Amino acid sequence: MVTNNSTSKISRFHDIIFFILALGLFFYSSSRACLLSLTCDEASTYFSHLPNSIWSCFYSEFCWFDANNHLLNTFLMQISTSVFGVSEWTLRLPNLIGHIIYLIFSILLIRKNSKSLFLGIVGFCLLNLNPFLLEFFSLARGYGLGVGWMMMSIYFLFCWIESKEFTLGIYCYVGAFFAVLSNFIFLNYWACLTAVLIFFILEKQIYEKNENRINSLFKSFGLPIFSSLGLFFLVKNPIQFLKSKGEFAFGTEKLSDSFVELVRVSLMSQGYFNPNTTAIFVLISLVLSGTSILFAIFYFLKQRDKLFSRIHLAGVSLMVLMILAMVVQFYLIDIKYLMGRKSIMLLPFFGLSTYLLLESIYRNKGKYKNWAVGLALLISVFSFNHIYRTFDLKETTEWSYDAYTKDMIHYLDGNLKENQEIELGVFWIYGPSSEFYQQYLSIKKIKKVNRLREEDFNEIETAELIYIRKDQMDIVRNKYILEKEFGSAGVLLKKKK
(Lines give C-alpha, C1' and ligand atoms only; values in the text may rest on other atoms or scores of the structure.)
Protein backbone atom coordinates (compact mmCIF):
# COMPACT_ATOMS: atom_id res chain seq x y z
CA MET A 1 0.00 0.00 0.00
CA VAL A 2 1.29 3.46 -0.94
CA THR A 3 1.66 5.87 1.96
CA ASN A 4 0.88 9.49 1.16
CA ASN A 5 3.64 11.48 2.80
CA SER A 6 3.63 14.38 0.35
CA THR A 7 0.91 16.56 1.79
CA SER A 8 1.93 20.17 1.42
CA LYS A 9 2.52 22.35 4.46
CA ILE A 10 2.47 25.55 2.46
CA SER A 11 0.02 28.11 3.82
CA ARG A 12 -2.24 30.54 2.01
CA PHE A 13 0.27 33.30 2.75
CA HIS A 14 2.90 31.28 0.92
CA ASP A 15 0.49 30.84 -1.98
CA ILE A 16 0.39 34.62 -2.25
CA ILE A 17 4.20 34.64 -2.54
CA PHE A 18 4.03 32.15 -5.42
CA PHE A 19 1.27 34.18 -7.07
CA ILE A 20 3.36 37.38 -6.90
CA LEU A 21 6.43 35.60 -8.31
CA ALA A 22 4.37 34.05 -11.11
CA LEU A 23 2.72 37.37 -11.91
CA GLY A 24 6.13 39.06 -12.13
CA LEU A 25 7.45 36.40 -14.50
CA PHE A 26 4.36 36.56 -16.69
CA PHE A 27 4.60 40.36 -16.85
CA TYR A 28 8.24 39.96 -17.95
CA SER A 29 7.44 37.44 -20.69
CA SER A 30 4.46 39.54 -21.84
CA SER A 31 6.65 42.65 -22.03
CA ARG A 32 9.20 40.77 -24.13
CA ALA A 33 6.41 39.46 -26.39
CA CYS A 34 5.31 43.04 -27.08
CA LEU A 35 8.75 44.65 -27.41
CA LEU A 36 11.10 42.16 -29.05
CA SER A 37 11.67 42.53 -32.76
CA LEU A 38 10.09 39.63 -34.64
CA THR A 39 12.71 37.01 -35.48
CA CYS A 40 13.53 35.31 -38.75
CA ASP A 41 11.83 32.02 -37.85
CA GLU A 42 8.73 33.70 -36.41
CA ALA A 43 8.25 35.79 -39.56
CA SER A 44 8.85 32.71 -41.72
CA THR A 45 6.06 30.90 -39.88
CA TYR A 46 3.79 33.91 -40.40
CA PHE A 47 4.39 34.08 -44.15
CA SER A 48 4.74 30.39 -44.98
CA HIS A 49 2.39 28.53 -42.63
CA LEU A 50 -0.32 30.80 -41.26
CA PRO A 51 -2.16 30.96 -44.62
CA ASN A 52 -2.40 27.13 -44.79
CA SER A 53 -5.10 24.86 -43.40
CA ILE A 54 -3.67 23.01 -40.40
CA TRP A 55 -5.91 20.00 -41.03
CA SER A 56 -4.32 19.35 -44.41
CA CYS A 57 -0.89 19.22 -42.75
CA PHE A 58 -1.61 15.77 -41.31
CA TYR A 59 -1.54 14.25 -44.79
CA SER A 60 -0.16 16.84 -47.25
CA GLU A 61 3.56 17.28 -47.95
CA PHE A 62 2.87 20.87 -49.01
CA CYS A 63 2.93 22.00 -45.36
CA TRP A 64 6.35 20.57 -44.63
CA PHE A 65 8.97 22.32 -46.75
CA ASP A 66 10.62 23.33 -43.44
CA ALA A 67 10.25 22.60 -39.71
CA ASN A 68 8.84 26.03 -38.79
CA ASN A 69 5.32 24.64 -38.79
CA HIS A 70 4.69 23.74 -35.15
CA LEU A 71 1.12 22.57 -35.64
CA LEU A 72 -0.73 23.63 -32.48
CA ASN A 73 1.28 26.83 -32.24
CA THR A 74 0.49 27.69 -35.88
CA PHE A 75 -3.20 26.91 -35.36
CA LEU A 76 -3.42 29.12 -32.27
CA MET A 77 -1.52 31.89 -34.08
CA GLN A 78 -4.18 31.72 -36.81
CA ILE A 79 -6.90 32.14 -34.19
CA SER A 80 -5.19 34.95 -32.26
CA THR A 81 -4.40 37.01 -35.38
CA SER A 82 -7.91 36.54 -36.78
CA VAL A 83 -9.45 37.73 -33.48
CA PHE A 84 -7.01 40.47 -32.42
CA GLY A 85 -5.24 41.38 -35.68
CA VAL A 86 -1.58 40.97 -36.57
CA SER A 87 1.10 42.20 -34.17
CA GLU A 88 4.09 40.83 -32.32
CA TRP A 89 1.88 40.24 -29.26
CA THR A 90 -0.87 38.36 -31.09
CA LEU A 91 1.62 36.14 -32.92
CA ARG A 92 3.26 35.29 -29.61
CA LEU A 93 0.03 34.96 -27.60
CA PRO A 94 -0.09 31.12 -27.82
CA ASN A 95 3.26 30.85 -26.07
CA LEU A 96 2.19 33.36 -23.42
CA ILE A 97 -0.72 30.99 -22.80
CA GLY A 98 1.89 28.24 -22.61
CA HIS A 99 3.65 30.26 -19.90
CA ILE A 100 0.45 30.52 -17.88
CA ILE A 101 -0.02 26.75 -18.13
CA TYR A 102 3.60 26.16 -17.11
CA LEU A 103 3.40 28.52 -14.14
CA ILE A 104 0.13 27.04 -12.88
CA PHE A 105 1.23 23.41 -12.98
CA SER A 106 4.77 24.01 -11.75
CA ILE A 107 3.31 25.77 -8.69
CA LEU A 108 0.73 23.01 -8.19
CA LEU A 109 3.53 20.43 -8.37
CA ILE A 110 5.56 22.32 -5.76
CA ARG A 111 2.57 22.82 -3.45
CA LYS A 112 1.75 19.13 -3.65
CA ASN A 113 5.23 18.00 -2.62
CA SER A 114 6.90 20.73 -0.57
CA LYS A 115 7.37 20.33 3.16
CA SER A 116 8.91 23.77 3.65
CA LEU A 117 8.44 27.25 2.26
CA PHE A 118 12.17 27.46 1.50
CA LEU A 119 12.04 24.22 -0.47
CA GLY A 120 8.93 25.46 -2.24
CA ILE A 121 10.69 28.66 -3.28
CA VAL A 122 13.77 26.82 -4.53
CA GLY A 123 11.46 24.50 -6.47
CA PHE A 124 9.85 27.54 -8.07
CA CYS A 125 13.29 28.98 -8.90
CA LEU A 126 14.64 25.76 -10.38
CA LEU A 127 11.58 25.23 -12.55
CA ASN A 128 10.87 28.83 -13.56
CA LEU A 129 13.96 31.06 -13.38
CA ASN A 130 16.08 29.64 -16.17
CA PRO A 131 16.44 32.66 -18.51
CA PHE A 132 16.93 30.54 -21.63
CA LEU A 133 13.70 28.64 -20.95
CA LEU A 134 11.87 31.90 -20.21
CA GLU A 135 12.79 33.31 -23.63
CA PHE A 136 10.57 30.83 -25.46
CA PHE A 137 7.40 31.93 -23.70
CA SER A 138 7.84 35.27 -25.48
CA LEU A 139 8.39 33.95 -28.99
CA ALA A 140 6.03 32.67 -31.69
CA ARG A 141 7.58 29.20 -31.73
CA GLY A 142 6.15 25.93 -30.43
CA TYR A 143 8.78 25.42 -27.72
CA GLY A 144 7.24 27.50 -24.92
CA LEU A 145 3.76 26.16 -25.61
CA GLY A 146 5.08 22.60 -25.65
CA VAL A 147 6.97 22.99 -22.36
CA GLY A 148 3.80 24.34 -20.75
CA TRP A 149 1.78 21.29 -21.80
CA MET A 150 4.63 19.00 -20.71
CA MET A 151 4.57 20.50 -17.21
CA MET A 152 0.82 19.84 -17.05
CA SER A 153 1.50 16.23 -18.04
CA ILE A 154 4.22 15.82 -15.38
CA TYR A 155 1.90 17.16 -12.68
CA PHE A 156 -0.88 14.72 -13.58
CA LEU A 157 1.64 11.89 -13.82
CA PHE A 158 2.56 12.52 -10.19
CA CYS A 159 -1.15 12.66 -9.28
CA TRP A 160 -1.74 9.38 -11.13
CA ILE A 161 1.13 7.70 -9.27
CA GLU A 162 -0.64 8.59 -6.03
CA SER A 163 -4.12 7.31 -6.88
CA LYS A 164 -3.85 5.35 -10.19
CA GLU A 165 -7.13 7.00 -11.24
CA PHE A 166 -7.81 6.47 -14.93
CA THR A 167 -9.00 10.06 -15.38
CA LEU A 168 -5.69 11.44 -14.11
CA GLY A 169 -3.88 9.24 -16.63
CA ILE A 170 -6.02 10.74 -19.37
CA TYR A 171 -5.14 14.27 -18.23
CA CYS A 172 -1.46 13.28 -18.21
CA TYR A 173 -1.65 12.10 -21.82
CA VAL A 174 -3.72 15.12 -22.91
CA GLY A 175 -0.84 17.35 -21.78
CA ALA A 176 1.69 15.14 -23.57
CA PHE A 177 -0.47 15.06 -26.72
CA PHE A 178 -0.70 18.85 -26.93
CA ALA A 179 3.04 19.11 -26.21
CA VAL A 180 3.79 16.90 -29.23
CA LEU A 181 1.44 18.89 -31.46
CA SER A 182 3.14 22.08 -30.24
CA ASN A 183 6.54 20.78 -31.32
CA PHE A 184 7.60 17.32 -32.47
CA ILE A 185 10.69 17.33 -30.20
CA PHE A 186 8.27 16.34 -27.40
CA LEU A 187 7.79 12.93 -28.99
CA ASN A 188 10.79 11.98 -26.84
CA TYR A 189 8.84 12.98 -23.76
CA TRP A 190 5.80 10.99 -24.91
CA ALA A 191 7.83 7.81 -25.35
CA CYS A 192 9.55 8.19 -21.97
CA LEU A 193 6.28 9.02 -20.23
CA THR A 194 4.79 5.81 -21.62
CA ALA A 195 7.77 3.79 -20.36
CA VAL A 196 7.42 5.27 -16.85
CA LEU A 197 3.67 4.61 -16.77
CA ILE A 198 4.16 1.00 -17.86
CA PHE A 199 6.81 0.50 -15.16
CA PHE A 200 4.47 1.67 -12.40
CA ILE A 201 1.57 -0.35 -13.83
CA LEU A 202 3.68 -3.53 -13.78
CA GLU A 203 5.05 -2.70 -10.35
CA LYS A 204 1.52 -2.38 -9.01
CA GLN A 205 0.47 -5.69 -10.56
CA ILE A 206 3.46 -7.48 -9.04
CA TYR A 207 3.21 -6.16 -5.49
CA GLU A 208 -0.53 -5.66 -5.02
CA LYS A 209 -3.11 -8.43 -4.87
CA ASN A 210 -5.87 -8.11 -7.46
CA GLU A 211 -8.44 -10.78 -8.18
CA ASN A 212 -9.33 -9.19 -11.54
CA ARG A 213 -5.71 -8.96 -12.69
CA ILE A 214 -6.50 -9.49 -16.40
CA ASN A 215 -9.17 -6.80 -16.52
CA SER A 216 -6.97 -4.46 -14.51
CA LEU A 217 -4.01 -5.00 -16.85
CA PHE A 218 -6.14 -4.43 -19.95
CA LYS A 219 -7.57 -1.19 -18.55
CA SER A 220 -4.20 0.04 -17.30
CA PHE A 221 -2.26 -0.72 -20.48
CA GLY A 222 -5.08 0.46 -22.72
CA LEU A 223 -4.38 4.16 -22.15
CA PRO A 224 -0.65 4.25 -23.01
CA ILE A 225 -0.91 1.71 -25.84
CA PHE A 226 -3.97 3.01 -27.67
CA SER A 227 -3.07 6.68 -27.19
CA SER A 228 0.43 5.98 -28.55
CA LEU A 229 -1.00 4.17 -31.58
CA GLY A 230 -3.36 7.08 -32.21
CA LEU A 231 -0.54 9.61 -32.00
CA PHE A 232 1.65 7.45 -34.27
CA PHE A 233 -0.90 7.45 -37.10
CA LEU A 234 -1.55 11.18 -36.60
CA VAL A 235 2.05 12.37 -36.89
CA LYS A 236 3.55 9.61 -39.04
CA ASN A 237 3.19 11.52 -42.32
CA PRO A 238 4.49 14.88 -41.04
CA ILE A 239 7.53 13.16 -39.48
CA GLN A 240 8.29 11.33 -42.74
CA PHE A 241 7.92 14.55 -44.75
CA LEU A 242 10.32 16.42 -42.45
CA LYS A 243 12.84 13.57 -42.40
CA SER A 244 12.87 13.46 -46.22
CA LYS A 245 13.73 17.19 -46.22
CA GLY A 246 16.70 16.59 -43.89
CA GLU A 247 15.16 18.56 -41.02
CA PHE A 248 16.45 16.06 -38.45
CA ALA A 249 20.04 16.38 -39.61
CA PHE A 250 20.77 19.38 -37.36
CA GLY A 251 22.48 18.84 -34.04
CA THR A 252 25.75 17.49 -32.70
CA GLU A 253 27.69 14.23 -32.85
CA LYS A 254 28.40 14.22 -29.10
CA LEU A 255 25.92 13.89 -26.24
CA SER A 256 28.26 15.90 -24.02
CA ASP A 257 28.07 18.85 -26.43
CA SER A 258 24.29 18.87 -26.10
CA PHE A 259 24.47 19.08 -22.30
CA VAL A 260 27.30 21.65 -22.23
CA GLU A 261 25.43 23.86 -24.70
CA LEU A 262 22.30 23.83 -22.52
CA VAL A 263 24.36 24.97 -19.55
CA ARG A 264 26.14 27.61 -21.62
CA VAL A 265 22.98 29.22 -23.01
CA SER A 266 21.33 29.08 -19.57
CA LEU A 267 24.24 31.11 -18.18
CA MET A 268 23.57 33.84 -20.77
CA SER A 269 27.22 34.95 -21.00
CA GLN A 270 27.42 35.69 -17.27
CA GLY A 271 31.05 35.13 -16.28
CA TYR A 272 30.70 34.11 -12.65
CA PHE A 273 33.95 32.09 -12.64
CA ASN A 274 35.67 33.19 -15.84
CA PRO A 275 37.23 31.63 -17.79
CA ASN A 276 35.79 28.36 -16.39
CA THR A 277 32.20 29.40 -15.71
CA THR A 278 30.55 26.91 -18.06
CA ALA A 279 32.77 24.00 -16.95
CA ILE A 280 32.07 24.68 -13.27
CA PHE A 281 28.30 24.84 -13.77
CA VAL A 282 28.39 21.68 -15.90
CA LEU A 283 30.11 19.93 -12.99
CA ILE A 284 27.61 21.31 -10.46
CA SER A 285 24.68 20.20 -12.66
CA LEU A 286 26.11 16.70 -13.10
CA VAL A 287 26.75 16.28 -9.37
CA LEU A 288 23.23 17.44 -8.41
CA SER A 289 21.48 15.38 -11.11
CA GLY A 290 23.61 12.30 -10.44
CA THR A 291 23.04 12.52 -6.67
CA SER A 292 19.32 12.93 -7.25
CA ILE A 293 19.25 9.76 -9.37
CA LEU A 294 21.10 7.77 -6.68
CA PHE A 295 18.80 9.07 -3.91
CA ALA A 296 15.72 8.24 -5.99
CA ILE A 297 16.82 4.64 -6.61
CA PHE A 298 17.97 4.07 -3.00
CA TYR A 299 14.83 5.40 -1.32
CA PHE A 300 12.50 3.71 -3.80
CA LEU A 301 14.09 0.35 -2.99
CA LYS A 302 14.06 1.15 0.74
CA GLN A 303 10.67 2.89 0.98
CA ARG A 304 8.70 1.63 -2.01
CA ASP A 305 5.41 2.17 -0.20
CA LYS A 306 6.02 5.91 0.31
CA LEU A 307 4.51 8.20 -2.28
CA PHE A 308 7.35 10.71 -2.44
CA SER A 309 9.89 7.94 -3.17
CA ARG A 310 7.81 6.94 -6.18
CA ILE A 311 7.41 10.53 -7.37
CA HIS A 312 11.16 11.14 -7.04
CA LEU A 313 11.90 7.99 -9.06
CA ALA A 314 9.38 8.97 -11.74
CA GLY A 315 10.85 12.47 -12.10
CA VAL A 316 14.47 11.38 -12.49
CA SER A 317 13.46 8.38 -14.66
CA LEU A 318 11.88 10.72 -17.19
CA MET A 319 15.10 12.74 -17.32
CA VAL A 320 17.34 9.68 -17.72
CA LEU A 321 15.07 8.04 -20.29
CA MET A 322 14.91 11.21 -22.39
CA ILE A 323 18.71 11.31 -22.49
CA LEU A 324 18.85 7.60 -23.36
CA ALA A 325 16.25 8.18 -26.08
CA MET A 326 18.60 10.72 -27.70
CA VAL A 327 21.37 8.09 -27.65
CA VAL A 328 19.12 5.44 -29.21
CA GLN A 329 17.98 7.88 -31.93
CA PHE A 330 21.58 8.75 -32.72
CA TYR A 331 22.75 5.16 -33.17
CA LEU A 332 19.64 3.52 -34.62
CA ILE A 333 18.00 6.12 -36.88
CA ASP A 334 20.87 8.58 -37.38
CA ILE A 335 19.23 11.57 -35.67
CA LYS A 336 21.88 13.83 -34.14
CA TYR A 337 21.88 14.85 -30.50
CA LEU A 338 19.63 17.85 -29.92
CA MET A 339 21.23 21.25 -29.34
CA GLY A 340 20.07 24.55 -27.89
CA ARG A 341 16.37 25.19 -28.21
CA LYS A 342 15.72 21.68 -29.55
CA SER A 343 16.81 20.19 -26.23
CA ILE A 344 14.89 22.74 -24.16
CA MET A 345 12.52 20.03 -22.88
CA LEU A 346 15.38 18.77 -20.66
CA LEU A 347 15.70 22.01 -18.69
CA PRO A 348 12.61 21.51 -16.47
CA PHE A 349 13.85 18.00 -15.63
CA PHE A 350 17.29 19.20 -14.52
CA GLY A 351 15.56 21.70 -12.24
CA LEU A 352 13.00 19.13 -11.08
CA SER A 353 15.66 16.54 -10.22
CA THR A 354 17.53 19.01 -7.99
CA TYR A 355 14.31 20.11 -6.28
CA LEU A 356 13.31 16.48 -5.62
CA LEU A 357 16.80 15.80 -4.24
CA LEU A 358 16.47 18.63 -1.72
CA GLU A 359 13.00 17.41 -0.73
CA SER A 360 14.38 13.89 -0.29
CA ILE A 361 17.22 15.09 1.96
CA TYR A 362 14.78 17.18 3.99
CA ARG A 363 12.40 14.23 4.48
CA ASN A 364 14.84 11.37 5.03
CA LYS A 365 18.01 12.79 6.52
CA GLY A 366 16.80 14.32 9.79
CA LYS A 367 20.14 15.71 10.93
CA TYR A 368 20.79 17.10 7.44
CA LYS A 369 17.48 18.99 7.19
CA ASN A 370 19.19 22.31 7.75
CA TRP A 371 21.70 21.48 5.02
CA ALA A 372 18.84 21.03 2.57
CA VAL A 373 17.31 24.35 3.63
CA GLY A 374 20.68 26.11 3.43
CA LEU A 375 21.37 24.76 -0.07
CA ALA A 376 17.84 25.73 -1.08
CA LEU A 377 18.45 29.30 0.10
CA LEU A 378 21.78 29.46 -1.74
CA ILE A 379 20.25 28.23 -5.01
CA SER A 380 17.29 30.61 -4.62
CA VAL A 381 19.52 33.64 -4.05
CA PHE A 382 21.65 32.70 -7.04
CA SER A 383 18.56 32.17 -9.23
CA PHE A 384 17.04 35.56 -8.40
CA ASN A 385 20.39 37.25 -8.94
CA HIS A 386 20.88 35.42 -12.25
CA ILE A 387 17.46 36.39 -13.61
CA TYR A 388 18.13 39.99 -12.55
CA ARG A 389 21.49 40.02 -14.34
CA THR A 390 20.03 38.52 -17.51
CA PHE A 391 16.93 40.76 -17.62
CA ASP A 392 16.58 41.82 -21.26
CA LEU A 393 13.77 43.43 -23.25
CA LYS A 394 15.74 43.71 -26.48
CA GLU A 395 17.44 40.48 -27.54
CA THR A 396 16.83 36.75 -27.63
CA THR A 397 19.71 34.30 -27.51
CA GLU A 398 19.27 32.22 -30.66
CA TRP A 399 18.06 35.08 -32.85
CA SER A 400 20.11 37.95 -31.44
CA TYR A 401 20.91 39.14 -34.97
CA ASP A 402 17.26 40.17 -35.43
CA ALA A 403 17.14 42.34 -32.30
CA TYR A 404 17.32 45.61 -34.27
CA THR A 405 15.48 44.73 -37.48
CA LYS A 406 12.34 46.56 -36.31
CA ASP A 407 14.44 49.59 -35.34
CA MET A 408 16.07 49.60 -38.77
CA ILE A 409 12.69 49.65 -40.54
CA HIS A 410 11.43 52.40 -38.22
CA TYR A 411 14.59 54.40 -38.95
CA LEU A 412 13.99 54.18 -42.69
CA ASP A 413 10.37 55.17 -42.30
CA GLY A 414 11.36 58.24 -40.29
CA ASN A 415 14.33 59.35 -42.38
CA LEU A 416 13.33 58.73 -45.98
CA LYS A 417 11.68 61.62 -47.76
CA GLU A 418 7.89 61.66 -47.95
CA ASN A 419 7.58 60.74 -51.62
CA GLN A 420 10.74 58.68 -51.80
CA GLU A 421 10.49 54.98 -52.71
CA ILE A 422 13.50 52.70 -52.42
CA GLU A 423 14.50 49.08 -52.83
CA LEU A 424 16.03 47.63 -49.69
CA GLY A 425 18.52 44.79 -49.89
CA VAL A 426 18.95 42.68 -46.76
CA PHE A 427 21.16 39.73 -45.92
CA TRP A 428 18.86 36.70 -46.12
CA ILE A 429 18.60 36.12 -42.35
CA TYR A 430 17.06 39.61 -41.99
CA GLY A 431 14.67 39.01 -44.90
CA PRO A 432 11.53 37.54 -43.27
CA SER A 433 11.40 40.01 -40.36
CA SER A 434 12.19 42.99 -42.65
CA GLU A 435 9.34 41.99 -44.95
CA PHE A 436 7.02 41.51 -41.99
CA TYR A 437 7.61 45.04 -40.67
CA GLN A 438 7.39 46.57 -44.14
CA GLN A 439 3.92 45.04 -44.49
CA TYR A 440 2.79 45.29 -40.85
CA LEU A 441 3.76 48.98 -40.61
CA SER A 442 2.48 49.64 -44.17
CA ILE A 443 5.67 51.45 -45.15
CA LYS A 444 5.18 52.68 -48.72
CA LYS A 445 8.64 54.20 -48.87
CA ILE A 446 10.10 50.69 -49.14
CA LYS A 447 8.67 49.36 -52.37
CA LYS A 448 10.58 46.08 -52.27
CA VAL A 449 12.74 44.02 -49.90
CA ASN A 450 15.33 41.89 -51.69
CA ARG A 451 16.90 38.97 -49.83
CA LEU A 452 20.61 38.65 -50.55
CA ARG A 453 23.27 36.02 -49.96
CA GLU A 454 26.95 36.89 -49.79
CA GLU A 455 27.53 35.68 -53.34
CA ASP A 456 24.94 38.26 -54.49
CA PHE A 457 26.68 41.24 -52.88
CA ASN A 458 28.92 42.09 -55.82
CA GLU A 459 25.98 41.98 -58.22
CA ILE A 460 23.72 44.40 -56.35
CA GLU A 461 22.44 47.00 -58.79
CA THR A 462 19.05 48.34 -57.75
CA ALA A 463 19.13 48.45 -53.93
CA GLU A 464 19.71 52.02 -52.72
CA LEU A 465 20.16 50.76 -49.14
CA ILE A 466 21.29 47.41 -47.78
CA TYR A 467 21.16 45.91 -44.28
CA ILE A 468 23.87 43.34 -43.61
CA ARG A 469 26.12 42.04 -40.84
CA LYS A 470 28.92 44.31 -39.71
CA ASP A 471 31.55 41.72 -40.63
CA GLN A 472 30.30 41.78 -44.24
CA MET A 473 30.99 45.48 -44.84
CA ASP A 474 34.33 44.86 -46.57
CA ILE A 475 32.61 42.88 -49.32
CA VAL A 476 30.61 45.92 -50.47
CA ARG A 477 32.91 48.80 -49.45
CA ASN A 478 33.44 49.83 -53.10
CA LYS A 479 29.71 50.40 -53.64
CA TYR A 480 28.24 51.31 -50.25
CA ILE A 481 29.06 53.53 -47.27
CA LEU A 482 27.81 53.38 -43.68
CA GLU A 483 24.44 54.97 -42.98
CA LYS A 484 23.82 53.70 -39.43
CA GLU A 485 24.87 50.91 -37.09
CA PHE A 486 22.22 48.90 -35.24
CA GLY A 487 23.44 47.07 -32.17
CA SER A 488 26.63 45.06 -32.34
CA ALA A 489 25.90 43.11 -35.52
CA GLY A 490 23.70 44.91 -38.08
CA VAL A 491 24.65 47.86 -40.28
CA LEU A 492 22.60 49.87 -42.74
CA LEU A 493 24.61 51.01 -45.78
CA LYS A 494 23.67 53.44 -48.54
CA LYS A 495 24.81 53.39 -52.14
CA LYS A 496 27.66 55.67 -53.08
CA LYS A 497 26.71 58.51 -55.37
Side-chain angles (χ1 to χ4, degrees), residues 31-47 68 88 91-92 131-132 134-136 138-141 250 261 264-271 274 278 339-342 389-416 422-438 440-441 443 446 449-458 460 463-496:
S31 299
R32 283 174 58 85
C34 294
L35 297 174
L36 291 179
S37 177
L38 208 71
T39 67
C40 173
D41 284 4
E42 292 176 291
S44 294
T45 300
Y46 171 75
F47 285 119
N68 276 333
E88 295 100 329
L91 290 171
R92 292 161 172 166
F132 185 65
L134 273 175
E135 286 197 341
F136 291 90
S138 304
L139 299 173
R141 315 287 287 124
F250 302 101
E261 177 65 9
R264 187 191 68 79
V265 293
S266 297
L267 287 169
M268 293 281 184
S269 303
Q270 299 301 308
N274 274 344
T278 300
M339 288 280 283
R341 66 181 181 271
K342 294 187 178 181
R389 290 176 61 154
T390 56
F391 182 89
D392 189 351
L393 297 177
K394 191 65 181 177
E395 293 188 8
T396 183
T397 303
E398 297 211 354
W399 295 275
S400 59
Y401 55 82
D402 256 326
Y404 292 87
T405 306
K406 176 166 65 171
D407 294 346
M408 181 269 295
I409 297 294
H410 275 299
Y411 173 82
L412 290 177
D413 187 40
N415 286 273
L416 291 173
I422 59 118
E423 284 191 21
L424 174 66
V426 297
F427 186 50
W428 68 270
I429 59 173
Y430 303 121
S433 47
S434 297
E435 290 177 23
F436 172 81
Y437 283 112
Q438 182 221 0
Y440 169 57
L441 299 172
I443 298 178
I446 304 174
V449 175
N450 294 317
R451 300 188 193 184
L452 307 169
R453 296 189 177 271
E454 281 197 358
E455 54 266 30
D456 302 324
F457 285 0
N458 290 323
I460 303 172
E464 291 96 322
L465 292 155
I466 60 172
Y467 186 61
I468 59 176
R469 294 198 317 254
K470 189 179 293 186
D471 60 6
Q472 296 169 327
M473 287 180 65
D474 285 345
I475 302 175
V476 295
R477 65 180 181 274
N478 292 329
K479 293 184 178 181
Y480 289 87
I481 59 173
L482 179 66
E483 170 72 14
K484 185 174 175 60
E485 292 186 19
F486 291 90
S488 60
V491 288
L492 182 67
L493 307 178
K494 63 180 178 181
K495 204 169 191 178
K496 290 181 178 179

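Just the heavy atoms: all of them, side chains too, but no hydrogens, waters or symmetry mates, feed the values below. For reference, positions follow the sequence shown, starting with 1. Remember, predicted model here, so these are calculated numbers, not experimental data.
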My understanding is that only residues two or more places apart in sequence, or in another chain, count here; which of them pass side-chain contact (heavy atoms from CB on, under 4.5 Å) with [X]?
{"X": "R469", "result": "F427, Y430, E454, D471, Q472"}
{"X": "E485", "result": "K470, L482, V491"}
{"X": "N415", "result": "Y411"}
{"X": "A403", "result": "E395"}

Applying side chain to side chain donor-acceptor pair (under 3.5 Å), name anything that partners T39, two or more places apart in sequence or on another chain. E42
Which residues share a side chain to side chain donor-acceptor pair (under 3.5 Å) with R451, sequence neighbours left out: E435
Under a 4.5 Å cut-off applied to non-hydrogen side-chain atoms, are K495 and I460 in contact? no
Are any of the side-chain heavy atoms of P131 and R389 separated by less than 4.5 Å? no
Mark yes or no: K394 above the aromatic ring of Y404, with NZ or CZ under 6.0 Å from the six-membered ring centre and no more than 45 degrees from the axis. yes
Shortest non-hydrogen contact from V426 to G431? CG2-CA, 3.6 Å
Tell me the closest heavy-atom pair linking Y401 and C40, and the distance in Å. OH-CB, 3.6 Å
Set of salt bridge (charged side-chain N to carboxylate O under 4.0 Å, His left out) partners for [X], sequence neighbours left out:
{"X": "K479", "answer": "none"}
{"X": "R341", "answer": "D41, E398"}
{"X": "K406", "answer": "E88"}

Give a yes or no answer on whether the side chain of [X] reaches the backbone of [Y] with a donor-acceptor pair at less than 3.5 Å.
{"X": "T45", "Y": "N68", "value": "yes"}
{"X": "D413", "Y": "I443", "value": "no"}
{"X": "S37", "Y": "D402", "value": "yes"}
{"X": "R92", "Y": "C34", "value": "no"}

Contacts of [X] that satisfy ring pair (Phe, Tyr, Trp, His ring centres under 6.0 Å) - sequence neighbours left out:
{"X": "F250", "value": "none"}
{"X": "Y437", "value": "none"}
{"X": "Y440", "value": "F436"}

